[in-house]
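Everything numeric in this text was worked out from a predicted model, so none of it was measured.
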Amino acid sequence: MALSIIIKYHHTPVGELIIGSHLNQLCLCDWRYRTMRAKIDKRIQTALGCTYATGDSAVIHNTVLQLEQYFARQRKQFELPLHFVGTDFQQKVWHQLIKIPYGHTCSYLDLSRTLGKEKAIRAVAAANGANALSIIVPCHRVIGSKGKMVGYAGGLFAKRKLLLLENSLNIPTQLSFC
């Protein structure tokens with residue numbers, strides 16, 4: 001029997017996620033109805049050489065538990081085995097996103113500067129948008145210049161709710177975390 005990416009759908013207070021595990025690692029925690037759903041799914045399935053199969057796993061169970069703790073304000077950091085599926089550049093961006101603490105934000109420009117790629121702000125933004133581990137890899141913590149709320153795969157409603165949950169809206173002194 002060929003290995004599969006085990007997936008499960010999970011409702012959260014801000015939208016429905018598709019959570020996926022492969023070889024005891026989380027490779028997917030993304031918005032079920034996002035615009036780039038087909039593109040993200042194809043990238044993951046092609047890179048891992050398998051297809052999705054509905055089911056459950058210890059990693060998915062633990063992810064759901066930690067997400068529930070997060071939404072109950074009982075968890076600020078996730079402790080899950082992650083499998084990043086993307087280019088080397090995308091993975092560098094995603095690793096940097098994990099360093100943005102709960103309750104803080106940074107701008108796309110700050111993120112680009114931290115990566116030593118100030119002129120690659122659009123590429124950094126595109127990598128941020130290609131993140132398939134939403135919430136776990138907190139791309140919602142990246143905002144536009146001057147605190148402006150801009151694009152998010154789960155929609156601006158979800159982004160706003162996540163930032164409100166973390167108490168990180170309208171705190172200009174935290175814009176320069178990166």
Side-chain angles (χ1 to χ4, degrees), residues 5 7-21 26-44 52 54 59-80 82-86 90-91 93-111 121-122 124-172 174-175 177-178:
I5 300 164
I7 63 162
K8 180 177 185 176
Y9 298 104
H10 178 68
H11 292 277
T12 74
V14 296
E16 189 174 7
L17 296 170
I18 176 173
I19 301 172
S21 69
L26 185 70
C27 62
L28 180 65
C29 182
D30 202 9
W31 303 101
R32 183 173 184 184
Y33 299 108
R34 74 177 287 178
T35 308
M36 293 175 47
R37 175 82 277 128
K39 186 176 180 180
I40 300 283
D41 292 341
K42 182 178 179 182
R43 182 184 80 215
I44 292 170
Y52 292 163
T54 304
V59 171
I60 291 174
H61 177 78
N62 200 18
T63 301
V64 168
L65 176 66
Q66 289 188 34
L67 284 167
E68 289 172 353
Q69 292 168 342
Y70 168 82
F71 282 109
R73 293 188 170 155
Q74 297 169 344
R75 174 173 293 277
K76 295 181 179 184
Q77 266 187 312
F78 294 94
E79 298 169 8
L80 298 162
L82 305 179
H83 184 123
F84 293 107
V85 181
Q90 288 172 327
Q91 290 185 40
V93 172
W94 301 334
H95 281 285
Q96 191 62 41
L97 291 173
I98 292 173
K99 295 177 183 178
I100 305 171
Y102 181 98
H104 290 74
T105 57
C106 77
S107 71
Y108 288 98
L109 180 59
D110 290 333
L111 185 58
I121 191 167
R122 287 188 175 150
V124 168
N128 194 58
N131 173 26
L133 293 167
S134 293
I135 304 174
I136 310 299
V137 175
C139 53
H140 62 277
R141 295 178 188 155
V142 182
I143 57 178
S145 297
K146 300 176 187 170
K148 186 177 178 185
M149 189 90 57
V150 292
Y152 184 61
L156 292 181
F157 170 82
K159 183 172 188 161
R160 180 174 175 71
K161 288 289 194 180
L162 293 170
L163 292 175
L164 284 170
L165 173 79
E166 296 181 8
N167 294 317
S168 56
L169 278 181
N170 302 320
I171 306 173
Q174 294 181 345
L175 273 179
F177 166 74
C178 294

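Within the model, atoms CG of N128 and CD of Q96 stand 11.5 Å from one another, a figure rounded to the nearest 0.5 Å. The distance from atom CG of L82 to atom CD1 of I136, rounded to the nearest 0.5 Å, is 7.5 Å. A distance of 7.5 Å separates SG in C27 from CG in L133, rounded to the nearest 0.5 Å. Between Q74 atom CD and E68 atom CD the span is 10.0 Å, to the nearest 0.5 Å.
Residue pairs satisfying the salt bridge (charged side-chain N to carboxylate O under 4.0 Å, His left out) criterion with at least one member in residues 7-18, sequence neighbours excluded, are listed as follows: K8-D56, E16-R32.
Counting heavy atoms from C-beta outward, I135 and L17 have side chains that approach closer than 4.5 Å. Between L109 and V124, the closest side-chain pair of non-hydrogen atoms is not below 4.5 Å. Looking only at side-chain heavy atoms (C-beta outward), H140 and K161 stay at 4.5 Å or farther from each other. By the 4.5 Å heavy-atom criterion applied to side chains, C29 and L67 are counted as neighbours. The shortest side-chain heavy-atom distance between Y33 and I18 does not fall under the 4.5 Å cut-off. Counting only heavy atoms from C-beta outward, the side chains of H10 and T63 never approach each other to under 4.5 Å.
Partners of L65 under the side chain to side chain contact (heavy atoms under 4.5 Å, CB included) rule, at least two apart in sequence or in another chain, are N62, Q69. S134 meets the side chain to side chain donor-acceptor pair (under 3.5 Å) test with D30, W31; sequence neighbours excluded.
Without hydrogens or angle criteria, R34 side chain to I40 main chain gives no donor-acceptor distance under 3.5 Å. With hydrogens and angles disregarded, a donor-acceptor distance shorter than 3.5 Å links the side chain of W94 to the backbone of A127. Side-chain atoms of R43 never come within 3.5 Å of backbone atoms of G86 as a donor-acceptor pair (strictly under, hydrogens ignored). With hydrogens and angles disregarded, no donor-acceptor distance shorter than 3.5 Å links the side chain of H95 to the backbone of V93. In this structure a side-chain-to-backbone donor-acceptor pair under 3.5 Å is present from K159 to V142. With hydrogens and angles disregarded, a donor-acceptor distance shorter than 3.5 Å links the side chain of N131 to the backbone of V137. For the pair E166 (side chain) and Y102 (backbone), a donor-acceptor distance under 3.5 Å is absent.
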From CA spacing to verdict: side chain to side chain contact (heavy atoms under 4.5 Å, CB included), I5, L28: CA-CA 9 Å; I5 300 164; L28 180 65; 5.5 Å; no

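The two residues G144 and V150 come nearest to each other via the heavy atoms N-CG2, 3.6 Å. In terms of heavy atoms, R141 sits closest to L163 at CA-CD2, 4.1 Å. The shortest heavy-atom contact between G151 and Y108 is O-OH, 3.9 Å. Here the closest non-hydrogen pair linking G20 and L26 is O-CD1, 3.3 Å. Taking all atoms of both residues into account, the shortest heavy-atom contact from L97 to C139 is CD1-CB, 3.9 Å.
Within 6.0 Å of CD in Q77 there are 12 or fewer heavy atoms belonging to other residues, nucleotides or ligands.
Using cut-offs of 30° and 60° on the angle between ring planes, the pair Y70 and F78 is tilted.
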